[in-house]
Asker: 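Right, I'll just put the structure down here and ask away after.
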Amino acid sequence: MKPGQWLMKVRDTRPLVHNITNVVVTNVAANTLLAIGASPVMAYAHEEVADMAKIAQALALNMGTLTPDVITAMRLAGTAANASGVPVVFDPVGVGATPYRNEAAQTIASSLQLRVLRGNSGEIGLMLGSGGEVTGVDSAGASADLPAAMKTYAKQHQTVVVATGEADLVTDGYTLWRLTNGHPLLSAITGSGCSLTALIGAFVGVVDKDSPLETYAEAVVAAITCFNVAGERAAQVAQGPGSFQSALFDALYQLTADAVDGAAKIEQMV
């Protein structure tokens, strides 16, 4: 299926994405989902996260501003989502920066069935034990062994693994996709990676529940491509980071299936 077909499926279905995300990007992530045609909800209270996760089409977990209450909320929501067949997307923001984040990320990953694990290349490399560096929440490099480690983890855990960077890597354990759309201004605004995690939630939220992991990977490839193509189009009219962010929302809103399919730079590797 082409990326544009996934875009139209999201707009036709308008999936509800339950986000437990960080305080820096809550508004940005919600606007990103609205612009693409999905429906966001941000719910954090322990008393309701399980119920909210059950009625959503996807659950997006982002540990950007981590607290013990947030970890508990993620585990409660994730457990309910797993029991209801709702796909869980996990973004281990800043893993590698502190021992607390490392422990939290491994606890969440080991206690939940993740449908997608997404982070920058440094975070994913550290998460999977293949090496890497982070500075705060930013990648400072990844090992050459990263693609192999991603494929091994994806196969063992039935999880689509995504490492974003200058080129984005996606794998279902058997195929590795290399995506090269995007623009440097995406890294000049806060929350672009976190917004992408939410957007991936919208796309995997429209996958039929009994689908193989490969189908979820196709949806993830489409989500990233749509986001990056919108970034390219926004950069054509932006004067800097401020106008770029608003132009990005406009570009996501105006994005067409033909525009995505025509601009997509997707390389399928072994």
Side-chain angles (χ1 to χ4, degrees), residues 1 6-22 25-26 29-30 32-34 36-64 69-93 104-119 153-154 156-162 170 172-173 194-224 226-227:
M1 182 181 285
W6 283 105
L7 171 63
M8 298 314 297
K9 193 169 183 180
V10 168
R11 288 188 174 148
D12 290 343
T13 308
R14 195 171 174 75
L16 176 66
V17 181
H18 175 192
N19 297 269
I20 299 178
T21 188
N22 71 66
V25 305
T26 303
T32 297
L33 288 168
L34 286 169
I36 204 67
S39 178
V41 63
M42 278 58 180
Y44 305 86
H46 297 174
E47 291 81 359
E48 70 166 349
V49 288
D51 292 327
M52 190 65 77
K54 290 177 185 174
I55 63 171
Q57 277 69 62
L59 172 66
L61 305 177
N62 175 316
M63 63 177 217
D69 277 350
V70 168
I71 296 172
T72 300
M74 287 182 175
R75 296 185 69 177
L76 289 170
T79 300
N82 284 169
S84 300
V86 175
V88 178
V89 183
F90 178 47
D91 187 344
V93 179
Q106 295 298 341
T107 296
I108 292 167
S110 63
S111 61
L112 301 176
Q113 172 60 56
L114 305 178
R115 187 54 67 213
V116 183
L117 172 65
R118 189 218 75 85
Y153 187 95
Q156 289 179 342
H157 296 272
Q158 285 297 290
T159 300
V160 178
V161 182
V162 181
V170 179
D172 60 358
C194 303
S195 298
L196 176 59
T197 296
L199 196 73
I200 288 172
F203 280 68
V204 299
V206 301
V207 176
D208 294 335
K209 287 186 177 180
D210 295 331
S211 298
L213 194 62
E214 179 183 0
T215 305
Y216 284 94
E218 289 179 5
V220 172
V221 168
I224 297 170
C226 286
F227 189 74

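Just so it is clear, the values below take in all heavy atoms, side chains as well, and ignore hydrogens, waters and symmetry mates.
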Asker: Which atom names give the shortest non-hydrogen contact between Gly78 and Val88, and what distance separates them?
Answerer: O-CG2, 4.4 Å

Asker: Under the salt bridge (charged side-chain N to carboxylate O under 4.0 Å, His left out) definition, can you give me all pairs with a residue in residues 79-88, not counting sequence neighbours?
Answerer: none

Asker: Looking at CD1 of Ile200 and OH of Tyr216, how far apart are the two atoms once the value is rounded to the nearest 0.5 Å?
Answerer: 14.0 Å

Asker: Is there side-chain contact between Met63 and Ile20, with heavy atoms separated by less than 4.5 Å?
Answerer: no

Asker: Please determine whether the number of non-hydrogen atoms from other residues, nucleotides or ligands lying under 6.0 Å from atom CZ of Arg11 exceeds 12.
Answerer: yes

Asker: Return the minimal non-hydrogen interatomic distance between Lys54 and Val86, and the atom names on each side.
Answerer: O-CG2, 4.1 Å

Asker: Under 3.5 Å, side chain of Lys209 to main-chain N/O of Ser84, donor-acceptor pair present?
Answerer: yes

Asker: What I'd like to find out is whether the side chain of Thr72 reaches to under 4.5 Å of the side chain of His46, using heavy atoms alone.
Answerer: yes

Asker: Can you tell me how far apart CG (Asn82) and OG (Ser111) are? Round to the nearest 0.5 Å.
Answerer: 8.5 Å

Asker: Within the structure provided, determine whether Asp172 and Thr215 are in side-chain contact (heavy-atom separation under 4.5 Å).
Answerer: no

Asker: Locate the shortest heavy-atom distance separating Met52 from Val41; write the atom from each residue and the value.
Answerer: CE-CG2, 3.9 Å

Asker: Where do Ile36 and Phe227 land on the side chain to side chain contact (heavy atoms under 4.5 Å, CB included) test, with the steps shown first?
Answerer: CA-CA 9 Å; Ile36 204 67; Phe227 189 74; over 6 Å; no

Asker: Val116 and side chain to side chain contact (heavy atoms under 4.5 Å, CB included): which partner among Thr159, Val161, Val170, Val162?
Answerer: Val162

Asker: Determine yes or no for a side-chain-to-main-chain donor-acceptor pair under 3.5 angstrom, with His18 supplying the side chain and Ala43 the backbone.
Answerer: yes

Asker: State, to 0.1 Å, how close Val207 and Ala219 come at their nearest heavy-atom pair, and which atoms those are.
Answerer: CG2-CB, 3.7 Å

Asker: Considering residues, nucleotides and ligands other than Asp210, do more than 12 of their heavy atoms fall under 6.0 Å from its CG?
Answerer: no

Asker: If you round to the nearest 0.5 Å, how far is OG1 of Thr21 from CE of Met42?
Answerer: 6.5 Å

Asker: Does the Asn19 side chain pair with the main chain of Val17, one donor and one acceptor, at a distance under 3.5 Å?
Answerer: yes

Asker: Of all the heavy-atom pairs spanning Leu76 and Ala50, show the shortest one and how long it is.
Answerer: O-CB, 4.1 Å

Asker: Does Gln113 use its side chain to pair, donor to acceptor, with the backbone of Gln158 at less than 3.5 Å?
Answerer: yes

Asker: Is it the case that the side chain of Asn22 and the backbone of Val25 share a donor-acceptor pair, with hydrogens and angles ignored and the cut-off at 3.5 Å?
Answerer: yes

Asker: Taking the side chain as C-beta and beyond, is there a heavy-atom pair between Leu112 and Phe90 under 4.5 Å?
Answerer: no

Asker: Apply side chain to side chain contact (heavy atoms under 4.5 Å, CB included) to the pair Trp6 and Val221, showing each step before the final yes or no.
Answerer: CA-CA 10 Å; Trp6 283 105; Val221 168; over 6 Å; no

Asker: What are the two closest heavy atoms between Ala60 and Ala198, and how far apart are they?
Answerer: CB-CA, 4.3 Å

Asker: By the definition side chain to side chain contact (heavy atoms under 4.5 Å, CB included), identify the one residue from Lys9, Met8, Gln57 that meets it with Val206.
Answerer: Lys9

Asker: Which residues satisfy the salt bridge (Lys or Arg N to Asp or Glu O under 4.0 Å) test with Asp91, sequence neighbours excluded?
Answerer: Arg118

Asker: Less than 4.5 Å apart, any side-chain heavy atom of Phe203 and any of Val10?
Answerer: yes

Asker: Atom CG in Asp12, atom CG in Leu7: separation rounded to 0.5 Å?
Answerer: 9.5 Å

